[in-house]
Amino acid sequence: MSSLVLILVISLSALSFTNAAGDPALFIFGDSIIDIGTNNGLDTTFKANIPPYGIDFPDSVATGRFSNGFSAADFLAQKLGLERSPPPYLAIANHSAYLNRQMVSGLNFASGGAGLLDDTGYGNAVTIKEQIQQFQMIKANLTALLGEAGAERLLNKSIIFINAGSIDMALDYFSFKSPPTTEFSTSLRDALEDHVKTLYSFGARKFGIAGVSAIGCCPAMRAGNDTGECSADLNDYPQSFYSAIVPMLQNLSSELTGMKYSLGNVYHMMMNYLNNPSPSGPTELRRACCRGGKLNAELQCNEKALVCKNRDKYLFWDAFHPSQAAAAIAVETLYNGTTEFVTPINLKQLIEEY
Ligand SMILES: *[C@@H]1O[C@H](CO)[C@@H](O)[C@H](O)[C@H]1NC(C)=O
Ligand SMILES: *[C@@H]1O[C@H](CO)[C@@H](O)[C@H](O)[C@H]1NC(C)=O
Ligand SMILES: *[C@@H]1O[C@H](CO)[C@@H](O)[C@H](O)[C@H]1NC(C)=O
Ligand SMILES: *[C@@H]1O[C@H](CO)[C@@H](O)[C@H](O)[C@H]1NC(C)=O
Ligand SMILES: *[C@@H]1O[C@H](CO)[C@@H](O)[C@H](O)[C@H]1NC(C)=O
Ligand SMILES: *[C@@H]1O[C@H](CO)[C@@H](O)[C@H](O)[C@H]1NC(C)=O
């Protein structure tokens with residue numbers, strides 16, 4: 001009798017290790033576009049845990065998302081049947097019961113200011129390399145919890161999402177104020193390749209990778225131009241990076257057994273939207289919603305800043321970060337876009353494969 005109860009308890013707790021519909025877990029790596037609170041606990045001024053950040057989040061909480069509401073991490077999680085992004089690893093690292101329950105459906109390691117290169121961690125960010133070390137520890141925890149085969153099975157199906165590179169590019173650009181060199185694009189490509197290989201060695205198989213957006217078109221960069229145009233030199237970086245990673249990922253997927261990926265050309269997505277904005281989506285493409293000064297891009301977004309009213313009509317929330325409305329469109333395209341925007345398959349197909 002008591003062993004029957006034990007079996008029931010074990011199988012019930014095993015059930016709770018998968019998401020509601022048996023959806024794969026989601027592990028997120030990257031920078032401020034998808035940081036949902038990692039930086040709150042760091043010694044840095046690069047945080048978004050004060051109003052008006054979060055003004056459109058449930059209960060208007062400033063969670064640390066660099067957005068007026070949900071971020072791309074949340075919309076992505078919703079595609080996997082979650083309510084919003086899995087929590088920031090650092091926020092729950094010391095709560096072992098919670099961490100044990102949570103890690104089977106995913107964690108968010110992203111930290112605002114993180115770059116692809118090992119020495120790119122603007123303002124004390126957790127670098128991508130360190131984020132992957134944290135994931136390595138979680139792999140050990142998963143193995144302790146589920147056994148080796150169980151952990152492998154879980155990671156086999158998990159979606160690993162990586163959004164990084166813009167910080168490396170911005171720092172390089174501001175050092176030289178010129179288009180990227182071939183060596184620089186190669187070093188970013190090699191860094192991404194190393195990260196993917198390391199994650200693969202820990203059992204990750206399915207990678208959702210976002211290229212870098214048209215960072216020369218963010219309000220902060222437009223404000224530096226007399227007529228508010230995009231910075232063409234800065235925009236060369238994401239294009240050159242994207243061209244470098246397409247063949248790298250193709251090669252990697254034939255080299256590494258079972259490795260699958262979906263690469264989003266977010267540069268092209270952004271330029272395409274700027275040229276053909278949807279009347280029902282954001283139509284203010286240049287000005288930031290929060291801040292002040294030229295294009296609302298010159299003053300800090302903080303309690304004293306003016307905030308626009310029709311926030312869903314703004315492509316940018318602050319001088320650097322997309323609005324909730326823009327993030328939703330971006331994820332929709334990554335998830336269900338055609339090969340014009342996502343290659344070789346979209347996230348939906350990536351999720352559905354085995
Ligand atoms: C966890 O707790 C230890 C001991 O109090 C502390 O040193 C460490 O910084 C904490 N880690 C996190 C991520 O909060
Ligand atoms: C995860 O593993 C680390 C290192 O082995 C350990 O210190 C920590 O307590 C584990 N956490 C949980 C939630 O099991
Ligand atoms: C503004 O941007 C346009 C288009 O890239 C460029 O031709 C022009 O030289 C820029 N002006 C300044 C002052 O940078
Ligand atoms: C991809 O593989 C081809 C054929 O082996 C090779 O010529 C090319 O240099 C590789 N490219 C990258 C970026 O690894
Ligand atoms: C993980 O997936 C690979 C195929 O990529 C398969 O060979 C392996 O058996 C799977 N492992 C588990 C535990 O499901
Ligand atoms: C997904 O994309 C296809 C092809 O572009 C389109 O027909 C379909 O309506 C889209 N589905 C959703 C849910 O947006």
Side-chain angles (χ1 to χ4, degrees), residues 35-44 47 49 64 75-76 78-81 86-100 102-103 107-112 114 116 121 124-127 130-138 141 165 180 182-197 200 207 209 211 239-256 259 261-265 268-269 272-273 276 278 280-281 325 327-352:
D35 178 352
I36 62 152
T38 299
N39 278 19
N40 294 355
L42 300 182
D43 181 16
T44 175
K47 301 182 198 215
N49 57 353
F75 292 119
L76 187 57
Q78 287 170 4
K79 297 298 186 192
L80 290 167
Y89 163 70
L90 274 191
I92 65 169
N94 275 348
H95 305 276
S96 57
Y98 182 14
L99 182 58
N100 261 326
Q102 179 56 50
M103 64 188 178
L107 289 166
N108 186 327
F109 300 92
S111 167
L116 283 171
N124 272 340
V126 184
T127 65
E130 292 163 340
Q131 294 176 28
I132 293 175
Q133 286 163 353
Q134 294 171 343
F135 176 75
Q136 179 179 19
M137 205 167 68
I138 290 301
N141 293 138
T182 308
E183 296 77 52
F184 186 67
S185 303
T186 304
S187 69
L188 288 190
R189 178 200 71 196
D190 291 349
L192 178 62
E193 180 174 11
D194 277 351
H195 295 322
V196 171
K197 281 181 166 165
Y200 179 91
F207 296 85
I209 294 170
Q239 294 177 81
S240 156
F241 176 60
Y242 184 79
S243 308
I245 61 179
V246 167
M248 180 274 284
L249 287 169
Q250 267 167 1
N251 285 5
L252 215 50
S253 69
S254 55
E255 220 175 89
L256 305 176
M259 184 265 194
Y261 69 97
S262 168
L263 169 64
N265 188 346
H268 179 53
M269 282 162 50
N272 184 61
Y273 193 84
N276 318 285
S278 155
S280 60
I329 296 172
V331 169
E332 203 52 53
T333 310
L334 290 174
Y335 183 73
N336 191 42
T338 63
T339 48
E340 182 184 353
F341 300 106
V342 255
T343 175
I345 54 176
N346 59 32
L347 283 175
K348 185 167 185 280
Q349 294 166 314
L350 183 74
I351 293 164
E352 282 165 2

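When a ligand or atom number is given, it counts from 1 through the structure's own listing order. Because the structure is predicted, anything quoted here is derived from the model rather than measured.
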Point to revise | Test salt bridge (Lys or Arg N to Asp or Glu O under 4.0 Å) applied to K47 - qualifying residues, sequence neighbours left out | key: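 By the salt bridge (Lys or Arg N to Asp or Glu O under 4.0 Å) rule, K47 matches no residue at all.
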Review point. Going by atom types alone, do N39 and S111 pair a side-chain donor with an acceptor below 3.5 Å?
Key: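 S111 and N39 do have a side-chain donor-acceptor pair below 3.5 Å.
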Strictly distance-based, threshold 3.5 Å: is any side-chain N or O of [X] a donor or acceptor partner for the main-chain N or O of [Y]?
X: S262; Y: I345; result: yes
X: T38; Y: A110; result: yes
X: Y261; Y: P344; result: no
X: N124; Y: D43; result: yes

Practice item. Answer with side chain, backbone, both or neither: which part of N94 has a heavy atom less than 4.0 angstrom from an atom of ligand 1? Key: side chain
Review point. Can you list the atoms of ligand 1 that are under 4.0 Å from a heavy atom of L90?
Key: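 Answer for ligand 1: 13 (C).
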Check your understanding: Near ligand 4, which residues have a heavy atom under 4.0 Å away from one of its atoms?
Key -> R189, M248, N251
Practice item. Show the numbers, then the answer: is there a salt bridge (Lys or Arg N to Asp or Glu O under 4.0 Å) between K79 and E332? Key: CA-CA 9 Å; K79 297 298 186 192; E332 203 52 53; 2.9 Å; yes
**Study point:** Short N or O distance, N336 and ligand 6, threshold 3.5 Å exclusive
**Key:**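 Yes.
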